[in-house]
Amino acid sequence: METLSLTDTIIQTINSIMQTLFSSIDNNIYQVLDELTFIHSSILNDSLFEKLFGTNTSNGLLLIANALLFGISLYYAIRLIYSYYIGLQIEKPFQFISKLLIFGIVMNGSYLICKQTLELNGFISDSIQTVGFQVLGHEISFSELIKQLNSIISIQEADFTIFSFDGLIKSFISIGLFNLILSYALRFVLVKIFILLTPFAILSLINQSTSWLFKTWFRTILSLLLQQSFVSIILLIIFSLPYENNNVLTKLIYIGGIYALIRANSYMRSLFGGISTDVSNNIQFGSNLLKNR
């Protein structure tokens, strides 16, 4: 009897701890997840970020980019003179000057271009969410998702236990969504990093031998930005499926939806290329790198 009582006490303690943990995650994490996932041009409304990027050609990274622009011009002039002596075939001056002027102007207006691109990208994902709201009658967001999940698996019920099918599903969902918030936090940072790299990516188009840098940059930032529209579509599909309480199929479909959200970055990389924002993969890659040293 004492052994049985001790076991019950341990189980109740574990259930109490997990209920508190799940409740804390439910109440705090999902609104932040919406803000991290569905980014707009407002992420550039930061005075420090603007100064770092450059408010004009005489400060910030734009100053460095314009210095490189002058360096490329000087390099071409020296190479052109040298080509007359050895008969080297290089780009014609008219073509080079044309590209220099066009990409130089675009580079110096890259902040505005990035802002309008983020606005357009946010408009696309917002449009998908608006259509979902009009058709389904509720908001298409992670905040709404947790309400749906809690209507199917409630951690407040007296018979809820972590050592049950519902407990295992709730654990998987909570861990999966916590992984999502780390992944989208990384994506948020990467978007701002690649925006800062925009002037240099545009600058690389002047020289044919460096144009691959722009292509790599473009595929990466395109994949990162369009990911939020893909997530909106996944959420729309999740909310459009019929669900019933106490239905095992319903719970398994939710698990499939959460897994699709976790794999969204991988699907976008398969379509457009880019880099991984999967935190678990990056941690594994870092540990393997350290082992090889």
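To the nearest 0.5 Å, the span separating CG on Leu118 from OG on Ser41 amounts to 6.5 Å. Cys114 SG to Leu196 CG: the interatomic distance, rounded to the nearest 0.5 Å, is 9.0 Å. Note that the CG atom of Leu182 and the CG atom of Leu33 stand 10.0 Å from one another [nearest 0.5 Å]. The OH atom of Tyr184 lies 11.0 Å from the CG atom of Leu224; values are rounded to the nearest 0.5 Å. To the nearest 0.5 angstrom, Ser183 atom OG is 6.0 Å from Asn265 atom CG.
Lys99 places no side-chain N or O within donor-acceptor distance of the main-chain N or O of Phe94, the cut-off being under 3.5 Å. At distances below 3.5 Å, at least one donor-acceptor pair connects side-chain atoms of Thr198 with backbone N or O atoms of Phe194. Listed for the Thr210 side chain is no donor-acceptor partner under 3.5 Å among the backbone atoms of Ile206. Panel note: side chain Arg187, backbone Thr37; a donor-acceptor pair is recorded below 3.5 Å. Without hydrogens or angle criteria, Tyr76 side chain to Ile97 main chain gives no donor-acceptor distance under 3.5 Å. Distance alone, capped at 3.5 Å, is enough to place a donor-acceptor pair between the Ser240 side chain and the Leu236 backbone. At distances below 3.5 Å, not a single donor-acceptor pair connects side-chain atoms of Asp34 with backbone N or O atoms of Ser141. Judged by distance alone, the side chain of Glu139 and the main-chain N or O of Glu144 form no donor-acceptor pair under 3.5 Å. Of the possible donor and acceptor atoms, none in the side chain of Ser223 sits under 3.5 Å from a partner among the backbone N and O of Arg219.
Using bins of under 30°, 30° to 60° and over 60° for the plane-to-plane angle, the ring pair Phe214/Trp217 lands in the tilted bin. Between Phe38 and Phe142, the ring planes lie tilted relative to each other; the angle falls in the 30° to 60° range.
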Trace of the side chain to side chain contact (heavy atoms under 4.5 Å, CB included) decision for Ile221 with Leu197: CA-CA 10 Å; Ile221 197 167; Leu197 294 176; over 6 Å; no
Ring pair (Phe, Tyr, Trp, His ring centres under 6.0 Å) between His138 and Phe239, intermediate numbers included: CA-CA 9 Å; His138 52 71; Phe239 289 131; 5.0 Å; yes
Criterion side chain to side chain contact (heavy atoms under 4.5 Å, CB included) on Leu69 and Asn66, from CA distance to verdict: CA-CA 5 Å; Leu69 188 68; Asn66 278 284; 4.1 Å; yes
Candidate pair Asn207 and Ile72, rule side chain to side chain contact (heavy atoms under 4.5 Å, CB included), full reasoning: CA-CA 9 Å; Asn207 194 320; Ile72 292 172; 5.7 Å; no
Candidate pair Lys51 and Asn59, rule side chain to side chain contact (heavy atoms under 4.5 Å, CB included), full reasoning: CA-CA 7 Å; Lys51 290 179 181 178; Asn59 58 32; over 6 Å; no
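You'll find the side chain of Phe103 stays beyond 4.5 Å of the side chain of Leu203, heavy atoms only. Counting heavy atoms from C-beta on, the side chains of Leu44 and Tyr111 come closer than 4.5 Å. Two residues are said to be in side-chain contact when any heavy atoms from C-beta on lie closer than 4.5 Å; Leu52 and Leu48 fail this criterion. At least one side-chain heavy atom of Leu61 sits under 4.5 Å from a side-chain heavy atom of Ile64.
Leu261 approaches Leu180 most closely through the heavy-atom pair O-CD2, 3.4 Å. Of all non-hydrogen atoms in Ser232 and Ile128, the two that sit nearest each other are CB-CG2, 3.8 Å. The two residues Ile195 and Phe53 have their closest heavy-atom pair at O-CE1, 3.1 Å. In plain terms, the two heavy atoms of Ile43 and Lys192 that are nearest each other are O-NZ, 3.3 Å. Counting all heavy atoms, side chain and backbone alike, Ile234 lies closest to Ala260 at CD1-O, 3.6 Å. The minimum heavy-atom distance linking Ile140 with Gln129 is given by the pair O-NE2, 2.7 Å.
Each of Ile102 and Ile105 belongs to its own hydrophobic cluster when Ile, Leu, Val, Met, Phe, Trp and Tyr are linked at side-chain heavy-atom distances under 4.5 angstrom. At a threshold of 4.5 Å between side-chain heavy atoms, the hydrophobic network of Ile, Leu, Val, Met, Phe, Trp and Tyr places Val106 and Leu63 in two separate groups. Both Ile262 and Phe188 sit in one connected hydrophobic cluster of ILVMFWY residues. Membership requires side-chain heavy atoms under 4.5 Å apart, directly or through other members. Linking Ile, Leu, Val, Met, Phe, Trp and Tyr whenever their side-chain heavy atoms come within less than 4.5 Å puts Ile39 and Ile181 in one cluster. Placement of Phe49 and Leu186 within a single hydrophobic cluster is found when ILVMFWY residues are connected by side-chain heavy-atom separations under 4.5 Å, directly or transitively.
Dense packing is recorded around CD of Gln95, with more than 12 heavy atoms of other residues, nucleotides or ligands lying under 6.0 Å away. Heavy-atom contacts from other residues, nucleotides or ligands closer than 6.0 Å to OH of Tyr267 number more than 12. Summarising the local packing, CZ of Phe218 is surrounded by 12 or fewer heavy atoms from other residues, nucleotides or ligands at distances under 6.0 Å.
For the side-chain contact (heavy atoms from CB on, under 4.5 Å) criterion with Asn121, the lone passing option out of Gln228, Gln116, Gln227, His40 is Gln228.
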